[in-house]
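The residues of the chain are indexed from 1 along the displayed sequence. Everything numeric in this text was worked out from a predicted model, so none of it was measured.
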Amino acid sequence: MSRLTTRSTGFVSFLVLSSFLYTNNVLAESEVATQQHETVVVTATRTAQSANESVSSVKVFTREDIIKSQAQSLPDLLKGSVGIHFTQNGGRGTNTSLFMRGTNSDHVIVLIDGVKVGSATSGTVAFQNLPMEQIERIEVVRGPRSSLYGSEALGGVVHIFTKKGGGKTAFGSHVTLGSKDTYEMSAGVSGGGNQVFYSISAEAEKTKGFDACQAEAATKFGGCFADEPDKDGFKNMAGSARLGFRFDEQSEISLFALQADSESEFDGNFQDSSDSRERVLGVNMKLALTQALELDLQYAQTEEHSDNFKNNLYASTFDTTRDHASGQANIAVMDRDLVTLGADYQRDKIKSNEQFSETEREIYGLFAQYLMSLNAHDIEISTRYDFNEVYKDAFTGSIGYGYKLAQGLRFVMSYGTAFKAPSFNELYYPNYGVPTLKPEESATFEVGLKGETELNEWSLVYFSTKVDELIGYDSSWNTLNIDHASIRGIEAELRQKLNQNWLLGVDLSAISPLNSSSGPYDGNLLARRPKTSARLTLDYQEADWSVGTILTHAGTRYDNAANTKKLKAYKIMDLVGQYQLSEEWLLQGRIENLFDSDYETALFYNQPGRGFFVTLRYAMN
């Protein structure tokens with residue numbers, strides 16, 4: 001039987017935040033609830049709905065949030081957010097992994113404008129290379145979404161939307177200078193009017209970085225297994241473009257492209273640098289055929305190329321090319337409900353200097369969803385069937401329920417299943433992969449409360465996830481379906497207006513990510529996942545300037561399955577500030593890791609110390 005436990009810290013966090021929400025007495029009025037009500041999200045159901053109507057756990061990062069945070073990368077922006085923990089093998093450009101709700105780093109789907117990205121060989125996404133200046137908004141959905149998106153969505157979905165354009169012509173640019181010889185710059189233009197919309201932008205960044213890995217790793221088990229005392233730098237050049245035409249308010253077509261070329265240096269005994277390319281090319285079409293019927297069509301191709309080197313000599317190549325096609329029909333029923341019927345197609349091709357026994361596979365998916373809204377009740381039902389030519393078919397489903405208890409108070413509950421298909425590395429990598437591996441499967445139950453008033457918005461969610469056929473390793477480092485995992489957790493979010501100038505943000509996660517296999521690691525914590533994590537933000541806003549703090553916490557965790565290599569808890573504080581010099585010019589400053597905390601997210605890998613950054617932004621509409 002699976003052993004499921006929840007740490008007492010989770011219940012303490014739940015009770016403390018609940019008391020705060022219902023007893024905190026503030027004096028000023030706020031627009032927080034209004035903004036939440038107007039926020040529209042699309043990822044949780046593949047259809048547009050207001051955020052406060054969604055049964056799912058969704059967090060939105062707007063362009064304003066990105067600019068104000070002065071985040072230099074996606075991990076910088078999302079770190080410490082509820083349900084999210086990142087590990088990084090050094091500084092900028094080094095391998096980065098995302099653990100959502102305690103699931104594995106390859107249990108998250110990443111979409112760019114609706115297109116699934118990532119490596120078919122490793123099964124993960126190069127978060128470190130995704131360009132920030134091309135991003136308009138990000139939606140993070142926590143919890144299983146395989147019933148709509150297929151493989152990998154055990155922990156959740158991260159959906160990145162690039163800039164769209166439209167309206168009056170607008171220009172924008174920025175320059176950043178900072179510690180470790182860091183330079184960034186970008187420029188872009190958008191516009192088009194009422195029918196035509198376009199956006200073109202480009203950016204470049206460079207940093208000399210710092211030594212990625214500690215010398216101890218060369219003599220101890222873990223880390224990079226190398227002693228290379230040098231600075232590990234990072235370069236990235238990226239651009240995006242979109243051109244579209246609106247037939248009417250509900251119908252449009254657009255072409256889009258994004259590309260990022262990077263050079264990363266790191267430490268390792270087999271490789272110590274990499275040249276990478278991420279590319280997305282696609283076309284979207286939305287057609288409102290009648291008032292009750294809308295079609296969404298998409299075709300896209302994504303590429304992820306990686307050439308790796310050791311001492312400037314070629315070492316390896318891992319390339320992925322993916323073709324995507326999808327179509328869905330959204331059908332309004334009784335002017336109240338919505339039925340969605342759709343199909344997805346994906347073809348993966350890989351190319352490598354390694355001799356994989358298989359280099360191509362095709363995946364087909366059929367899905368259906370019913371959204372019903374009846375007075376105070378909201379019901380979401382979805383199901384999906386996936387056919388993959390290299391493993392058994394997968395059937396997944398989910399059901400969610402929301403009930404309005406009172407004005408500004410809502411009860412939500414859901415249950416969903418998900419799966420993750422083995423990657424090409426796990427199936428076919430020479431002397432490592434096992435072609436008979438089964439897909440990983442999960443079932444998740446969650447229940448919670450969501451609230452909003454004139455002064456705050458908040459949510460409290462409890463979830464329980466069981467993962468079967470978890471892919472692990474034997475003593476010879478061959479892959480096997482040997483493990484089971486049981487994860488329970490409590491998540492709490494709060495945005496509180498303290499008065500006209502002060503805004504408080506709190507994200508808390510308390511989880512118990514346990515290995516529940518029958519082997520020697522039964523009852524151990526899953527590697528690199530903290531039992532507690534938090535993000536606390538406090539902002540002060542005046543008419544033309546603001547200052548803020550971002551405090552990130554990660555609790556104790558272990559770097560290995562045996563729980564013998566401990567990673568200490570840490571707290572990192574960043575300071576940010578900005579001043580509106582004029583209508584067009586914005587001056588910003590950021591101090592990273594204010595107290596110069598020494599910490600690790602992966603054993604023997606160094607993390608950034610104190611750093612200083614200054615940014616000048618220009619925007620003209």
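- A salt bridge does not link R142 with E446: none of the charged nitrogens is closer than 4.0 Å to a carboxylate oxygen.
- In this model, no donor atom of one side chain and acceptor atom of the other lie less than 3.5 Å apart for T396 and S146.
- Looking only at atom types and distance, the side chain of N330 has a donor-acceptor partner in the side chain of Q328 under 3.5 Å away.
- Looking at R246 and D248, no side-chain N of the basic residue comes within less than 4.0 Å of a carboxylate O on the acidic one, giving no salt bridge.
- Applying the salt bridge (charged side-chain N to carboxylate O under 4.0 Å, His left out) definition to pairs two or more places apart or across chains, those involving residues 109-119 are D113-R242, K116-E152.
- In terms of heavy atoms, G165 sits closest to F197 at C-CB, 3.9 Å.
- What you find for S240 and Q134 is that their closest heavy atoms are OG-OE1, 2.6 Å.
- In this structure, L77 CG and D65 CG are separated by 7.5 Å, a value rounded to the nearest 0.5 Å.
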Y370 vs D337, test: side chain to side chain donor-acceptor pair (under 3.5 Å). Steps then yes/no. CA-CA 7 Å; Y370 191 94; D337 304 340; 2.7 Å; yes
List the steps, then state whether side chain to side chain donor-acceptor pair (under 3.5 Å) holds for D323 with Y345. CA-CA 8 Å; D323 292 305; Y345 167 78; over 6 Å; no
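- With ring centers used as reference points, F86 lies under 6.0 Å from F127.
- Side chains of S147 and S382: a donor-acceptor N/O pair is present below 3.5 angstrom, by distance only.
- A cation-pi arrangement is absent between R488 and F463, since the terminal nitrogen or guanidinium carbon is not both under 6.0 Å from the aromatic centre and inside a 45° cone about the axis.
- The minimum heavy-atom distance between G402 and V55, with the atom names listed, is N-CG2, 3.9 Å.
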Side chain to side chain contact (heavy atoms under 4.5 Å, CB included) evaluation trace for L371 with Q369: CA-CA 7 Å; L371 306 180; Q369 179 178 241; 3.7 Å; yes
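- H324 and Y299 share no side-chain donor-acceptor pair at under 3.5 Å.
- By the 4.5 Å heavy-atom criterion applied to side chains, W458 and V506 are not counted as neighbours.
- Under the 4.0 Å criterion applied to side-chain N and carboxylate O atoms, E452 and K450 are not assigned as salt-bridge partners.
- Side-chain contact of D348 with Q346: a donor-acceptor pair under 3.5 Å is present, judged by distance alone.
- K286 places none of its side-chain heavy atoms less than 4.5 Å from the side chain of L295.
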Worked verdict on M100 versus V140 for side chain to side chain contact (heavy atoms under 4.5 Å, CB included): CA-CA 10 Å; M100 189 178 293; V140 178; 3.8 Å; yes
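- T453 places a side-chain N or O within donor-acceptor distance of the main-chain N or O of N456, the cut-off being under 3.5 Å.
- The main-chain N or O of L470 is never found under 3.5 Å from a side-chain atom of H484 such that the two would form a donor-acceptor pair.
- At a threshold of 4.5 Å between non-hydrogen side-chain atoms, the residues D344 and R384 count as touching.
- Under a 4.0 Å N-O distance rule, the pair E457/K497 does not qualify as a salt bridge.
- N501 and Q541 are not linked by any side-chain donor-acceptor pair at a separation below 3.5 angstrom, with hydrogens and angles left out of the test.
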Would you please test F161 and E139 for side chain to side chain contact (heavy atoms under 4.5 Å, CB included) and show each step? CA-CA 8 Å; F161 297 85; E139 294 178 10; 3.7 Å; yes
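- Looking at K59, R495, K79, R535 one by one, the single match for salt bridge (charged side-chain N to carboxylate O under 4.0 Å, His left out) with D507 turns out to be K59.
- Side chain of S151 to backbone of A421: a donor-acceptor contact under 3.5 angstrom is found.
- Sorted by first then second residue, the salt bridge (charged side-chain N to carboxylate O under 4.0 Å, His left out) pairs that include residues 364-383, not counting sequence neighbours, are D378-R410.
- F445 is linked by a side chain to side chain contact (heavy atoms under 4.5 Å, CB included) to M413, Y415, V447, counting only residues two or more places apart in sequence or in another chain.
- Within the 4.5 Å cutoff, no side-chain heavy atoms of L503 are placed close to those of L498.
- Among all heavy-atom pairs drawn from A485 and L526, the shortest one is CB-CD1, 4.0 Å.
- Across every non-hydrogen atom of V115 and A300, the tightest pair is CG2-CB, 3.6 Å.
- Counting heavy atoms from C-beta outward, L449 and L405 have side chains that approach closer than 4.5 Å.
- Distance OG1/T62 to CD1/I135: 12.0 Å, rounded to 0.5 Å.
- The side-chain heavy atoms of V467 and L154, taken from C-beta on, include a pair separated by under 4.5 Å.
- Partners of E294 according to the salt bridge (Lys or Arg N to Asp or Glu O under 4.0 Å) rule, which considers only residues two or more places apart in sequence or in another chain, do not exist here.
- Contacts of F411 classified as ring pair (Phe, Tyr, Trp, His ring centres under 6.0 Å), with partners at least two apart in sequence or in another chain: none.
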Would S516 and S486 satisfy side chain to side chain donor-acceptor pair (under 3.5 Å), going step by step from the backbone distance to the final call? CA-CA 6 Å; S516 56; S486 300; 3.2 Å; yes
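- A donor-acceptor pair is defined here as one N or O able to donate and one able to accept, closer than 3.5 Å; such a pair exists between the side chain of T290 and the backbone of A292.
- Note that the CG atom of L538 and the OG1 atom of T549 stand 5.0 Å from one another [nearest 0.5 Å].
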In a table with atom names and distances, give each donor-acceptor pair under 3.5 Å that connects a side chain of residues 104-112 to protein atoms at least two apart or in another chain.
{"from": "N104", "atom 1": "OD1", "to": "R529", "atom 2": "NH1", "distance (Å)": "2.9"}
{"from": "D106", "atom 1": "OD2", "to": "K420", "atom 2": "NZ", "distance (Å)": "3.1"}
{"from": "H107", "atom 1": "ND1", "to": "N104", "atom 2": "N", "distance (Å)": "3.1"}
{"from": "H107", "atom 1": "NE2", "to": "E440", "atom 2": "OE1", "distance (Å)": "3.4"}
{"from": "H107", "atom 1": "NE2", "to": "E440", "atom 2": "OE2", "distance (Å)": "3.3"}

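- Side-chain contact check for T417 versus F395: every heavy-atom pair is 4.5 Å or farther apart.
- Between K164 and E252 there is a salt bridge, since at least one side-chain N of the basic residue sits less than 4.0 Å from a carboxylate O of the acidic one.
- Salt bridge absent: D296 and R46 never bring a charged side-chain N and a carboxylate O closer than 4.0 Å.
- Counting non-hydrogen atoms of other residues, nucleotides and ligands closer than 6.0 Å to CG of D335 gives a total of 12 or fewer.
- What you find for L258 and T162 is that their closest heavy atoms are CD1-CG2, 3.7 Å.
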Show, in sequence, the C-alpha distance, side-chain angles and deciding distance for F99 and T87, and conclude whether the side chain to side chain contact (heavy atoms under 4.5 Å, CB included) test is met. CA-CA 8 Å; F99 298 90; T87 66; 3.6 Å; yes
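- In this structure, the ring of F247 has its center less than 6.0 angstrom from the ring center of F245.
- At least one side-chain heavy atom of R336 sits less than 4.5 Å from a side-chain heavy atom of L374.
- Defined by atom type and a distance below 3.5 Å, a donor-acceptor pair is present between the side-chain atoms of H553 and T532.
- A donor-acceptor contact closer than 3.5 angstrom links the side chains of Q88 and T96.
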